[in-house]
Amino acid sequence: MTLTPRDLVGYGASPPDPQWPNGARLALNFVINYEEGSEYSLHDGDGFSEASLTEAPSSIIPHGDRDLAAESLFEYGSRVGFWRLLRLFRDRDLPVTIFACALALERHPEAARAIREAGLDICCHGWRWIEHFKLPEFVEREHIRRAVASLASTLGERPYGWYCRTGPSVNTRRLLVEEGGFLYDSDAYNDELPYWVTVADRPHLVVPYTLTNNDSKFGRGWFSTGEDFFAFCRDAFDFMREEGRSHPRMMSVGLHMRLTGHPARAMGLARLLDHIRQFDDVWICSRMDIARHWMRVHPWRG
């Protein structure tokens, strides 16, 4: 196996000025992960039922038996949670990015239509919500191809961004460049600004994501209430906005329909959205907005 290089330095003590629009101190992007219907399941021949990031993060059903409770917990996300989160952003006229698992949207045409009609930003979250780092290279290549074709069909346009579940394989970024058409990927958690890498002698943009300002902490037992989520993300926002006087950065907030889609957690998100709307020196934007801005203001230098 060829080991990919690591960069432990990044921008160092002198990160570039991102020059966000209108002199914003912070670029803020919200992400809704649309995964429900593409997770591991006996229905899709995986040999077990997925239960992670739910009210029951580890299934008590013997491995290999169908877990109807786990399936039902996922179904809540697409049946109820998606619509609640969509309303929260739509009612406040705020942009949001959908990390879209292609098969999940194939199985919910009404949600795909709502996303398309709202003109929401799309980043491909894989053909399915599975662990890409476990896939053989030829299988991963086929998953990428199928995901692009599927989203182009259900949403009317191919995706230009990519993000795997949890982490990529050593092949993922090269396969994305090989597939072509992607402007960026978010398979990194190592910075608060976009950066360029070279893949197969070609420039490729990375727009880092986060597992920190992320409601996955509910599914892992680290957040208990909507207030926990609100306070944690509010503190990150307030700190980064103040820091942005001299060092503007980007902030991502990750949401899951089967988690924050529940009322008590949704209240925490509502409070966060209302808090950030008080400030006119923050650029609330899509992930594609950030990628295109960086390409224009900080193009690849070779």
Side-chain angles (χ1 to χ4, degrees), residues 27 29-39 44 74-75 77-130 132 140-165 168 172-173 175-187 194 204-207 209 252-258 261 283-296:
N29 171 240
F30 287 89
V31 169
I32 295 175
N33 290 266
Y34 198 115
E35 301 159 348
E36 289 79 348
S38 67
E39 74 277 8
D44 287 312
F74 268 81
E75 289 165 10
S78 59
R79 291 166 60 112
V80 180
F82 167 74
W83 302 107
R84 178 169 286 133
L85 296 184
L86 186 64
R87 286 193 300 271
L88 284 174
F89 285 94
R90 184 178 57 202
D91 291 351
R92 292 163 176 79
D93 195 26
L94 292 175
V96 63
T97 294
I98 305 294
F99 275 6
C101 289
L103 182 59
L105 285 177
E106 281 187 27
R107 290 173 168 168
H108 199 331
E110 186 180 2
R113 183 166 58 252
I115 290 170
R116 185 172 61 247
E117 291 175 352
L120 299 184
D121 177 40
I122 298 298
C123 175
C124 184
H125 198 13
W127 162 244
R128 298 182 58 199
W129 193 59
I130 60 175
H132 266 241
E140 185 175 15
R141 179 182 289 108
E142 178 62 12
H143 274 234
I144 292 171
R145 185 198 65 77
R146 292 183 70 179
V148 171
S150 173
L151 290 175
S153 176
T154 57
L155 300 177
E157 186 176 13
R158 64 150 294 147
Y160 299 103
W162 176 274
Y163 173 69
C164 288
R165 173 181 176 173
T172 304
R173 194 162 282 160
L175 293 175
L176 294 177
V177 171
E178 177 186 296
E179 171 69 25
F182 287 100
L183 298 184
Y184 74 93
D185 78 63
S186 289
D187 282 328
H204 179 77
L205 185 65
V206 178
V207 181
Y209 185 50
S252 300
V253 179
L255 308 168
H256 293 79
M257 307 181 319
R258 61 193 180 277
W283 183 34
I284 306 171
C285 57
S286 73
R287 216 151 188 84
M288 182 61 75
D289 288 336
I290 292 173
R292 292 194 185 281
H293 175 86
W294 203 264
M295 289 175 172
R296 183 175 64 255

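Count residues from 1 along the sequence.
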Nearest heavy-atom neighbours spanning [X] and [Y]:
{"X": "G126", "Y": "A147", "value": "C-CB, 3.8 Å"}
{"X": "L151", "Y": "A100", "value": "CD1-O, 4.0 Å"}
{"X": "S78", "Y": "F82", "value": "O-CB, 4.2 Å"}

Nearest-0.5 Å distance that lies between atom [atom1] in [X] and atom [atom2] in [Y]:
{"X": "W127", "Y": "E140", "atom1": "CH2", "atom2": "CD", "value": "15.5 Å"}
{"X": "C124", "Y": "L105", "atom1": "SG", "atom2": "CG", "value": "10.0 Å"}
{"X": "T172", "Y": "D185", "atom1": "OG1", "atom2": "CG", "value": "8.5 Å"}
{"X": "I284", "Y": "L94", "atom1": "CD1", "atom2": "CG", "value": "5.0 Å"}

* Should the heavy atoms of other residues, nucleotides or ligands under 6.0 Å from CG of D91 be counted, would the total exceed 12? ->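 More than 12 heavy atoms, drawn from other residues, nucleotides or ligands, come within 6.0 Å of this atom.
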
* **Heavy atoms from other residues, nucleotides or ligands near CZ of R107 exceed 12 (cutoff 6.0 Å)** =>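 Yes.
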
* To do: Could you tell me whether H132 and W162 have their ring centroids closer than 6.0 angstrom?
  => yes

In the structure I gave you, are the side-chain heavy atoms of [X] and [Y] within less than 4.5 Å of one another anywhere?
{"X": "P194", "Y": "I290", "result": "yes"}
{"X": "L205", "Y": "L183", "result": "no"}
{"X": "L120", "Y": "I32", "result": "no"}
{"X": "T97", "Y": "M288", "result": "no"}
{"X": "R287", "Y": "S252", "result": "yes"}
{"X": "L155", "Y": "I115", "result": "yes"}
{"X": "R128", "Y": "C101", "result": "no"}

Whether [X] side chain and [Y] backbone form a donor-acceptor pair below 3.5 Å:
{"X": "T154", "Y": "S150", "value": "yes"}
{"X": "R145", "Y": "E179", "value": "no"}
{"X": "R165", "Y": "I130", "value": "no"}
{"X": "R84", "Y": "G261", "value": "yes"}
{"X": "H204", "Y": "V177", "value": "no"}
{"X": "N33", "Y": "L255", "value": "yes"}
{"X": "E39", "Y": "G37", "value": "yes"}

* **Worked verdict on V31 versus Y209 for side-chain contact (heavy atoms from CB on, under 4.5 Å)** => CA-CA 9 Å; V31 169; Y209 185 50; 3.9 Å; yes

* Asked: W283 and D289: side-chain contact (heavy atoms from CB on, under 4.5 Å), yes or no, with the steps?
  -> CA-CA 10 Å; W283 183 34; D289 288 336; 3.6 Å; yes

* Name of the residue among P95, S286, C285 meeting side chain to side chain contact (heavy atoms under 4.5 Å, CB included) with D121 -> S286

* Asked: With the threshold set at 4.0 Å, does a side-chain nitrogen-carboxylate oxygen contact exist between R173 and D187?
  -> no

* Asked: In terms of side-chain geometry, is the basic nitrogen of E36 or R79 positioned less than 4.0 Å from the acidic oxygen of its partner?
  ->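 So E36 does not pair with R79 through a salt bridge.
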
* To do: Please step through salt bridge (charged side-chain N to carboxylate O under 4.0 Å, His left out) for the pair R113 and E110, ending with a clear verdict.
  => CA-CA 5 Å; R113 183 166 58 252; E110 186 180 2; 5.0 Å; no

* Check each of F99, F182, W129 against Y163 using the ring pair (Phe, Tyr, Trp, His ring centres under 6.0 Å) test, and report the only one that passes. => F99

